[in-house]
Number of protein chains: 2
Amino acid sequence: MALEHAILVSLLEQPGSGYELARRFDRSIGRFWTATHQQIYRVLRRMETDGWISVEEVAQDGRPDKKVYSAAAPGRTALAAWLREPVEAETVRHELAVRIRAAAFDDPAALIPEVERHRDGHAALLAHYLYGEGRDFPAPDTLDARQRLQHVVLRGGIEYERMTLAWLDDVLATLRELAADTATPSSDSGTGTAAPTSTSTSTSTD
Amino acid sequence: MALEHAILVSLLEQPGSGYELARRFDRSIGRFWTATHQQIYRVLRRMETDGWISVEEVAQDGRPDKKVYSAAAPGRTALAAWLREPVEAETVRHELAVRIRAAAFDDPAALIPEVERHRDGHAALLAHYLYGEGRDFPAPDTLDARQRLQHVVLRGGIEYERMTLAWLDDVLATLRELAADTATPSSDSGTGTAAPTSTSTSTSTD
DNA sequence: GCTGCCATGTAATCAGTTACATGATTGC
DNA sequence: GCAATCATGTAACTGATTACATGGCAGC
């Protein structure tokens with residue numbers, strides 16, 4: 001239910017068309033909230049009928065016309081009300097964690113390439129964030145309110161990537177150790193499928 | 001599309017009924033993948049017709065009967081295939097980050113209680129994780145493959161909470177500074193609604 | 001008598017994804 | 001000639017959430 005609000009913030013930061021918003025959702029805002037262009041167009045129409053945003057049709061030379069949206073007063077009011085609502089608990093979807101636990105019932109080594117791919121992706125994103133930080137916030141003491149809030153969100157992204165990177169290295173080390181363990185012992189040779197099948201497990205980790 | 005697989009992992013770790021699974025999804029597995037009981041019952045039926053899991057009806061004294069599900073061979077095969085598929089990019093939904101950027105167009109101080117509530121929640125979860133780690137993994141060198149993988153996932157949760165806690169303190173410090181800035185200056189008194197309205201913003205943070 | 005736990009479900013709705021469609025312009 | 005970018009949309013489907021429903025037992 002927050003796509004409306006994410007769009008509002010983006011339009012307050014800078015008015016734009018549905019297409020432009022879709023591009024922003026592939027970049028800056030998209031790090032925190034994903035949306036496809038179909039979704040965006042649908043929500044924009046709803047927001048317009050609700051009076052949250054206003055449209056201006058802009059004719060262009062050589063390019064299709066576009067509808068430039070900007071936040072209207074009722075939208076601002078709705079945003080202020082939303083800020084005062086309690087935050088709903090974030091629904092987590094961390095597929096990699098599920099896969100790591102799943103690896104116990106298959107060959108742990110099979111996961112290594114995937115985790116490496118992830119690791120590299122996070123490393124690249126961290127480098128990208130750090131570059132962006134140096135470019136956009138070179139003098140952190142001279143920033144206005146908006147920039148300081150953008151900066152603290154970016155710092156969150158940077159710390160998240162740093163932490164994830166370190167954790168994925170930990171995961172890789174664990175997987176490699178387990179792969180070495182199952183490879184060397186003499187018993188249970190062949191497929192490499194390590195399935196302990198112990199009935200006792202009540203490690204709740206609750 | 002990974003709820004099936006999360007359920008499979010949970011049933012491989014320990015067979016159980018839909019109700020028991022729903023409770024697990026409020027606890028251990030639920031940290032990485034959320035699901036309500038309605039969703040779980042629906043997926044369990046689909047998985048059963050697909051032959052991924054087998055059922056055993058268990059009559060109980062004083063309590064309603066339950067259907068105890070366990071992972072079947074085709075389910076294991078499907079899990080192994082899934083582990084070898086490329087991981088789809090995680091769709092992020094970080095509402096708090098959107099709200100922080102939104103605070104620039106309203107009173108930043110209005111967010112402080114919410115962020116504090118979040119901070120406290122993450123601190124409690126971190127303490128809980130650390131307690132669970134001490135209880136379930138007291139001797140990290142004597143663990144089997146399954147436990148070592150569970151442990152590395154738990155370490156990820158711990159590091160995530162630590163990082164989030166530190167970041168939320170950073171956010172709170174920023175919000176409090178901004179609240180102090182808008183409270184003290186003589187100009188633009190009254191509502192405390194700080195809206196810069198500068199047209200120049202093209203800080204892409206891409 | 002009320003709340004809470006165990007245990008399973010149906011129905012309606014909302015959000016999000018995937019596939020398909022159009023059409024002009026710019027650059028290789 | 002082909003792919004990519006700009007720009008907007010429809011339609012069908014899958015996944016997730018919310019609300020409602022049932023019913024016995026245990027403990028206060």
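The figures here come from the full heavy-atom set of this structure, side chains too, leaving out hydrogens, waters and symmetry mates. Chain naming here is simple, since letters A, B, ... match the order of the sequence lines and numbering starts at 1 in each.
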Rounded distance (Å) that lies between atom C1' of C:dG9 and atom NZ of B:Lys66: 18 Å

Gap between atoms NE2 and C1', on A:His37 and C:dA15 respectively (whole Å): 16 Å

First of A:Arg63 and A:Arg45 reached from the 5' end of DNA chain D, by closest nucleotide: A:Arg63

Candidates D:dG15, D:dT8, C:dA7 - which lies nearest the side chain of B:Glu20: C:dA7

Length of the CG-P vector between B:Asp61 and D:dA26, whole Å: 9 Å

Sugar-phosphate only, base, or nothing, as touched by A:Thr34 at under 4.0 Å among non-hydrogen atoms: nothing

Options D:dA16, D:dT8, C:dA7, nucleotide nearest the side-chain atoms of A:Tyr19: D:dT8

Partners passing side chain to side chain donor-acceptor pair (under 3.5 Å) against A:His122 (at least two apart in sequence or in another chain): A:Glu161

Phosphate contact (C:dG16 OP1 or OP2) by B:Arg93 side-chain N/O below 4.0 Å: yes

Residue closer to the 5' end of DNA chain D, B:Gly62 versus A:Tyr69 (nearest nucleotide): A:Tyr69

Selected nucleotide, minimal atom distance to A:Gln39 side chain, candidates D:dG15, C:dT8, C:dT17: C:dT17

Options D:dA7, C:dT17, D:dA19, nucleotide nearest the side-chain atoms of A:Gln60: D:dA7

Atom pair distance, as rounded to whole Å: CZ in A:Arg46 and C1' in C:dT13: 13 Å

Sub-4.5 Å side-chain heavy-atom contact between A:His118 and B:Glu90: yes

N or O in side chain of A:Ser17 less than 4.0 angstrom from D:dT8 OP1/OP2: yes

salt_bridge(B:Glu20, B:Lys66) N-O dist < 4.0 Å: yes

Per B:Gln38 side chain, nearest of listed nucleotides C:dT17, C:dG9, C:dA19: C:dG9

First of B:Arg42 and B:Asp65 reached from the 5' end of DNA chain C, by closest nucleotide: B:Asp65

Distance, rounded to the nearest Å, where B:Tyr41 contributes OH and D:dT22 contributes P: 17 Å

Verdict with reasoning, A:Leu11 to A:Leu21, per side-chain contact (heavy atoms from CB on, under 4.5 Å): CA-CA 8 Å; A:Leu11 289 179; A:Leu21 280 168; 4.0 Å; yes

Spacing between B:Phe25 atom CZ and D:dT17 atom C1', to the nearest angstrom: 16 Å

Whole-Å distance separating the NZ atom of B:Lys67 from the C1' atom of C:dG9: 9 Å

Interatomic distance where CZ belongs to A:Arg24 and C1' belongs to D:dC6 [whole Å]: 15 Å

Within 45° cone and under 6.0 Å: A:Arg155 NZ/CZ vs B:Trp167 ring: no

Selected nucleotide, minimal atom distance to A:Thr36 side chain, candidates D:dT17, C:dT18, C:dA15: C:dT18

